[in-house]
Amino acid sequence: MNKYNPKAIEKKWQKYWEKNKVYKKYNRPKKFYALDMFPYPSGAGLHVGHPKGYIATDVTARFKMLQGYSVLHPMGWDAFGLPAENYALKMKMHPRIAVDKNIAVFKKQLEMFGFTYDWDREVSTTDPGYYKWTQWIFLKLFEKGLAYESHEPVNWCPSCKTVLSNEDLEGNECERCGTVVEQRPMRQWVLKMTDYAERLLNDLDKEKLDWEAQIIEQQKNWIGRSEGIDIAYTIKGIDKTITVYTTRPDTNFGATFVVLAPDSNFVAENVDIFPNKEEVKKYIEATSKKTELDRISEGRKKTGVFTGLYAVNNLNGKKMPMYLSDFVLATVGTGAVVGVPGHDTRDFEFAKAMGIDIIRVVVGSDGDVSPIERAEQVQEEEGKMINSDFLNGLDIFDAKEKIKDYIEKKGFGKRKINYKMRDWVFSRQKYWGEPFPLVFCQHCADKIKSGQFKKGEFSQGELLNPGWIGMREKDLPLELPKVKSYETTGTGEGPLAGITKWVNTRCPKCGEKGRRETNTMPQWAGSSWYYLRYIDPKNKKALIDKKKEKDWMPVDLYVGGIEHATRHLLYARFWHKFLFDIKAVSTKEPFKKLIHVGLIQAEDGRKMSKRWGNVINPDDIISQFGADSIRLYEMFMGPFTQSISWSTAGVSGVRKFLEKVWRLQERVTSGKKYKANQKLQNLLHKTIKKVTEDIENFRFNTAVSSMMILVNEMDREEKLRAADYELLAVILSPFAPHMADELWSRLGHKKSIFLEKWPKWNPKLIRDEEIELVVQVNGKLRDRITVAADIAEAEAKTSALASERVQPFLTGKEIRKVIFVPGRLVNIVI
RNA sequence: GCCCAGGUGGCGAAAUCGGCAAACGCACCAGCUUUAGGAGCUGGCGAUCGCAAGAUCAUGUGGGUUCAACUCCCACCCUGGGCACCA
């Protein structure tokens, strides 16, 4: 027998599988779609942390193949976006060239692991044949009125020179470069994601979706649904009302002031009628100069200015002074709040700072009815109403409903559901992204504004955005022009604006002069639907063939980083639901089961990074130990979803295990001549059961350890039955496929092990004849006795009491109770 | 501040319908083998006491429920992640 040489056998089997299409069996009755979050092909290549999720899906994919499923397991590239563009700028090459180079490196690295990827289905978001359909989806969204041009203030990264969506921020910093973003009013395209908020929330149902609770919670919080009421207050002396949104109308008898956001529309439109307009303007000016950072460093210290106007509380006719303060945000609710300082900490702080009255209207469980003077007294979560007219004595939850009914009946308010989630800011002032399939036509704009057009001449989106005309589907894709200067301008228009030949075109509707949109789509666009394209990657007529879509969707298993919980996963669900609405797909949700991959940290406990010089390259590990070892190690190192530090010594441990498996070949003998060892049979079938269940439940670490126990046991035998050793090879094969197939062929099989059947455990063999029964005295272990597995209670108790080791603890004591747990223990209570 | 996940040997961890705490692996120690080894094999490896048999203690802290608690309940501490002046 020659030595275990992974280098030689791994190459050999990778070629064999590819050539014989071993894992491309797509005509079986049951299907399984295993999906990885496709990578961003950066210039740095892979480190050992990246493939962990891919290994897990590959183990699952091979397991499902062995169980007789058709398995779809594709891979592709998410290659548009800022990092690719920045990398290209740095290396002074066109992003296209940089991206192709990086993809080649990534692909070569991935191939060394022996994954079951069907490379015939490879997609890249930057291929015109792919982004044609990204543009098509946008066009459909536009047609349905779900895309609109906006000039509202948005997050602007001064370093990347582009706008960013809320999902692209970490706190108030650019997720890519860490620069603090500014709020700038910019022209941009926005998708009406909030129209889908309710469905995005409701379908996050643990019953329907096999997602980790953690990710469901994160998305729920991000969507941030709240139930409240919009209340309109009349303003004294002028013919206007101010509308506020509140979730606590029950406390409204305690309202003593109103605060407006300095940058709100209401203020912008009415500042000139404020009696104190000079001070107000100064305050607006001062606020606009403050960055987010300044405001955070001020902590919760409240500042503000009185407008000179009073709003009237319609409940009791009380005059409430109207202020401006920067703690009220223009983008939240209506951009104005009603101040109830007795029962809201922020309102309390503001009232203290401005010297406004504080009224108690809720009594908490402590029964305290004294005037509210300290922040700790601010009662928010429970209690009974006082000083509140017809609400007095009610619990706050009942009061809330009663006053909502009252306000609605009186006609000065309306129940409203609010979401924290905002619409999706969808344009970037960058070169390396999908161009928008839109043309601006002044002629059409005039026509729409004048109202002189036929019904059905313009789509919903065209009417919503006068002048913007969608391209015709047959003219897609609109390719990125090849240019020399694709550097960012920073003017607010994208680099494409500089290419006049490309920008100037004809209106697809009327043929008059038009100009193209020069922003591009964000990186998230292409990744919001790629899982559909794998199913039908070369279709030129449709995004996906309807029958194929029905055959494969939904994705059965989706594995990737948790950082996408509120970004990619939200965007993809949103688009999927839209595609469902236009009948392009047949499922309401795209991803049935979702599991996040735990990070692999460097051996020093820090994040693997060039900066710390602690990056481990998978190529090195594979050349030293082999691909099967790194696969097995990453599955063995700990619970899959947990962050764990890398240990190269740990890899050598699993390599030793594989060597042991290899050496066992020598002991294999023909099953007919050699009688099966009952104890080993028992353990073997227990292991089959454990490995099967563990793979299904993503507990790979315990699956591997149970195989180690089996192999240690086999190592004690002088001879092994071929049939037993073969079963070991099959259950090991998803983890260490190269070795498994090599052993399989050495055992005389002509076909790949992956065309075999996954073994079923034999329940008879698993049943133990004899067991160790634990004997406790007052819950403390005193002895173990070997008894028949199905021992009767009375007999077990007698044997336990008779135990020599137990006797000394019983002498002179009264036995009060004896507890018998079948198959486990006897506990003697004295 | 709010939400989520977690806290077990020197390290990664295992055990959760309450029932033998530390499986499996790493590191370490001793011995065998070897010219040698960073190779292989055998044994040891939570703490304290003890020559030993064994005893006692031990799963972040403090209580509670129970014959029995890593597991359930209450309060608190710490770590990681998310959100955050969201009205």
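Given the structure is predicted, the values throughout are model-derived calculations rather than measurements. To find a chain, count down the sequence lines: A is the first, B the second, and so on, and within it residues start at 1.
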Please give the distance between the P atoms of G60(B) and G6(B) as a whole number of Å. 13 Å

For U65(B) versus G50(B), give the span between their P atoms, rounded off to a whole number of Å. 37 Å

Which residues satisfy the salt bridge (charged side-chain N to carboxylate O under 4.0 Å, His left out) test with [X], sequence neighbours excluded?
X	value
Asp604(A)	Arg606(A)
Asp620(A)	none
Glu349(A)	Arg300(A), Lys302(A)
Arg699(A)	Asp694(A)

Would you kindly give the [atom1]-to-[atom2] distance between [X] and [N], to the nearest whole Å?
X	N	atom1	atom2	answer
Lys416(A)	C86(B)	NZ	P	16 Å
Ile771(A)	G19(B)	CD1	P	15 Å
Asn778(A)	C67(B)	CG	P	11 Å
Arg248(A)	C86(B)	CZ	P	14 Å

What base-paired stems does RNA chain B take part in, with at least 3 consecutive Watson-Crick or G-U wobble pairs and both distances under 3.5 Å? B:1-7 with B:77-83, B:10-12 with B:24-26, B:28-32 with B:40-44, B:46-49 with B:54-57, B:60-64 with B:72-76

Using heavy atoms and a sub-4.0 Å distance, could you list which residues of residues 562-570 of chain A are near RNA chain B? By number, please. none

Once ring-ring contact (aromatic ring centres under 6.0 Å, His included) is applied, do any residues pair with Phe657(A), and if so which ones, sequence neighbours excluded? none

Contacts of [X] that satisfy side chain to side chain contact (heavy atoms under 4.5 Å, CB included) - sequence neighbours left out:
X	result
Ala399(A)	Asp250(A), Met385(A), Leu391(A), Leu394(A)
Ser165(A)	Glu167(A), Asp168(A), Trp424(A), Val425(A), Arg428(A), Tyr571(A)
Lys689(A)	Glu693(A), Trp761(A), Ile766(A)
Asn5(A)	Lys7(A), Ala8(A)

Protein heavy-atom contacts under 4.0 Å, written 5' to 3' over nucleotides 23-34 of chain B as B (base), S (sugar-phosphate only) or - (none), form the string BBSS--------

With heavy atoms under 4.0 Å as the rule, sort Val829(A) into base, sugar-phosphate or nothing. sugar-phosphate

Gln776(A) near the nucleic acid: base, sugar-phosphate alone, or nothing, with a heavy-atom cut-off under 4.0 Å? base

Of the listed nucleotides (C67(B), A87(B), C85(B)), which one gets closest to any side-chain atom of Thr247(A)? A87(B)

The side chain of Asn221(A) lies closest to which of these nucleotides: C67(B), C85(B), C3(B)? C3(B)

Test Gln776(A) against every option in Leu825(A), Val829(A), Asp783(A) by the side-chain contact (heavy atoms from CB on, under 4.5 Å) rule and name the one that passes. Leu825(A)

